[in-house]
Amino acid sequence: MSNISTTTTTTTAEPLTTPPLTTTSPPFPTTPPLSTAAATATAAATTATAAATTATAAAGSDERSTDDLWHMARAVLDANWSRTHTVPSRTLYPHQWSWDAAFISIGLARVDPDRAWQDLRNLFQAQWPDGRVPHIVFDPDVAERDYFPGPGFWQVPQLRPGHPDGTGIVQPPAHALAVWAAYQRRPDARSVDQLRWFYPRLVAAQDYLLGARDVGGGGLASIVHPWESGLDNSPAWDEALAAVPVDLGVLAGRNRHDNRVAAAAHRPTDEDYARFIALALAYRDGGYHDDGLRDRHAFIVECPTFNALLGAAEQALADIAAVIGVDPAPHLRRARRITRAIDNRLWNPRTGLYHTRDVRTGRLGSARCVNGLVPLLLAELPAERVAALITAAESKHFGLSATMPVASYDRTAADFDPVRYWRGPVWININWLLWRGLRAHGRPAQAAELRTAMLELVRRSGYYEYFHPTTGDGVGSAAFSWTAALVLDLLADSSTTVEASPLAQSIG
Ligand code: 2M8
C-alpha cells in the first residue's frame, strides 16, 4: 500500500501534484476520559430522544415556523454529537459513518464551522495508507453489542500506531463537496489551512477509487458491497446480488442489532442480510485487497450515484486547488472524463435514466432506482440527459411534485415498498443532491419546488431518517443527523442558483 503523501497514479487517474500534508490548523479538544465519555454518551442519547420527541410534536403543525425548524435541527445535531464526531442516530447508528459525515458537516458549517471541520477530520484520521476512507469509524466507547457488524467482525489490521478502528469498505465520496462547502461558509485563513490539510487526503481517496477500484477498466469506480453505495438495500442491487448464495448460517451466533432497535419490516430481509455478511466476510478474508477482484469477488457493480459524487468531488477539488495554489485543471479534466464514462457505461435509452452496471456480467440492471437520477449533479452532463433525468424525476416512476420529493424506487414497480429502507421511501440526502443538480443546470422553478417539498416534509413529520412516499410520515430513526443538517443548509439557502465557483466550469 502506498502512503497518502506519496500517492501512486494509475492508468485511469491523471497524476496530480499534491502539496505535503500539513498540521498547521488548530488542534481540537482532547477526548475526555472513558468514564466521562460514557456518561456524556448516555446523557446525549436522552437528549436525542427529547429532540426527536420535539421534532415529532411538529407533525401536522402548520404553525411550525422556520425558526422552530432551525432550532430543532440544531438540537438534533447537538444531541448526536459524540465528543469528536456526530453519530447518524443514537439508537440505530452509534458510530461515525463516512458519507453521513459529509452531509452532516455541510449543515454544521451553517451553525458551527469549527465543529464541521472537526467532524470531517475525525473521519479522515481513519483513512488508510492506500487512500480509502472507511465507511464507519468505530467509537471505542460503544460496546460491540450496540452495533452489528462492529470492529470485532471487520478485524481491520492496525495500519499505524493510534490508527482509529473502522471498516475496510468505503462509501460514496461526498467529502470534497463538504470540505468546499465548509470553506465557503467561512473563507478565512484558518479555513484555508483546513483546505491544505484536506486536499492531499481527498486526492488520495479519489486516486484509490479511480485506481484500485476501477475494476471494470472504463474509468469508473466499482463498489464491492451494497453498503458501499449508501443505498444499501436498494433494488438496484437485486440482480447482481442474486449471484451471492444465501447461507442463513452466516447469521447464526451473530445478532442483528438493527432488528432490535427498528422494525424488521423496515430493514433488509434475513436473506439479503446473509448475502451482505457473506460479501463482507469474503472481502475481509481477502485481506481487503482489490487485485484480482473480478475473478474472485461475487459483487462488483458500478453505481451512478457513487460515480456522480466521484465526478462532483473532482469539480470541488478544482475549486479547493485554486484557493491553495495548486493547478485545478487536472481535476476539471478528471470530472469531465468521469462524466463521459458515466454516460457511456450507465445510460439506458429505454428508461431515460442511468442504471447500475454489473461488472461481472457487463449488464445494466433493469430496476429504475433513484441512484440513476443523481448524475444530474455533474456540471458537464449533456443538456439532453439533464432534460431526460428531470422528466424521469417528475414521472409516475419517481413522483416529484410540489408536495413530495423523489421516491427512492420506481413507484409503479410491483416490489415498491414505502417503508423498507431504500426500496421506496423518500430520503433527504438524495433529494438535496438533486436540488443542487437542478440549480446547477438552471432549473430555478423546479429547484425551488423541490426545496419547498423537502421543508414541508420535515415541518410535518420531523427529522426522520426517511419518509413514507405517499403519506409523508417519518420512518426509521426519529432524530437523524443528515436530515437535520441538510435542512439547515436548505433553510439558509433559498437561492435558485448555485454559489459562483471561482473557476469556469469548462476548461475548453
Ligand atoms: C445505512 O447503512 C448502515 C450500514 O452502513 C446500516 O444499515 O446499518 C444506510 O442508510 C447508509 O447510507 C447510511 O450511511 C448508514 C448510517 O446512516 O445507514
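Remember, it's 1-based here, ligands and their atoms both numbered in the order they're listed.
- Ser105 and Arg115 form no side-chain donor-acceptor contact under 3.5 Å, judged by distance and modelled atom types alone.
- For atom 13 (C) of ligand 1, the closest non-hydrogen atom on the protein side is Asp100 OD1, 3.5 Å.
- Of all protein heavy atoms, the one lying nearest to atom 7 (O) of ligand 1 is Tyr421 OH, 2.6 Å.
- Relative to the six-membered ring of Trp117, Arg121 misses at least one condition, a distance below 6.0 Å or an angle of at most 45° to the axis.
- Polar contact check, Pro88 against ligand 1: no nitrogen or oxygen pair lies under 3.5 Å apart.
- Geometrically, Arg83 does not engage Trp81 in a cation-pi contact, judged by NZ or CZ lying under 6.0 Å from the ring centre and within 45° of the ring axis.
- For the atom pair CD (Gln127) and CG (Leu159), the distance works out to 11.0 Å, reported to the nearest 0.5 Å.
- In this structure, atom 11 (C) of ligand 1 lies nearest to the protein heavy atom Gly230 O, 3.5 Å.
- Between Phe480 and Trp482, the two ring planes are perpendicular [angle over 60°; tilted spans 30° to 60°].
- Annotation: Glu465 places no N or O atom under 3.5 Å from an N or O atom of ligand 1; distance criterion only.
- Of the polar atoms of Gln171, at least one N or O is found under 3.5 Å from an N or O of ligand 1, judged by distance alone.
- Geometrically, Arg284 engages Phe153 in a cation-pi contact, judged by NZ or CZ lying under 6.0 Å from the ring centre and within 45° of the ring axis.
- Using a non-hydrogen distance threshold of 4.0 Å, Asp258 does not register as a contact of ligand 1.
- Atom 9 (C) of ligand 1 has Asp232 OD1, 3.5 Å as its closest protein atom, hydrogens excluded (heavy atom only).
- Heavy atoms of Tyr147 found under 4.0 angstrom from ligand 1 belong exclusively to the side chain.
- Annotation: atom 10 (O) of ligand 1 to nearest protein heavy atom, Trp422 NE1, 3.0 Å.
- Atoms of ligand 1 found under 4.0 Å from any heavy atom of Phe480, numbered from 1 in the order shown, are 17 (O).
- Annotation: cation-pi geometry not satisfied between Arg420 and Trp422 (NZ/CZ under 6.0 angstrom from ring centroid, within 45° of ring axis).
- Checked against a 3.5 angstrom limit, the closest N/O atoms of Arg267 and ligand 1 fall inside it.
- Looking only at atom types and distance, the side chain of Asp165 has no donor-acceptor partner in the side chain of Gln158 under 3.5 Å away.
- Checked by distance only, ligand 1 and Trp97 come closer than 3.5 Å through their nitrogen or oxygen atoms.
- Taking a 6.0 Å sphere around CZ of Arg145, one finds it holds 12 or fewer heavy atoms contributed by other residues, nucleotides or ligands.
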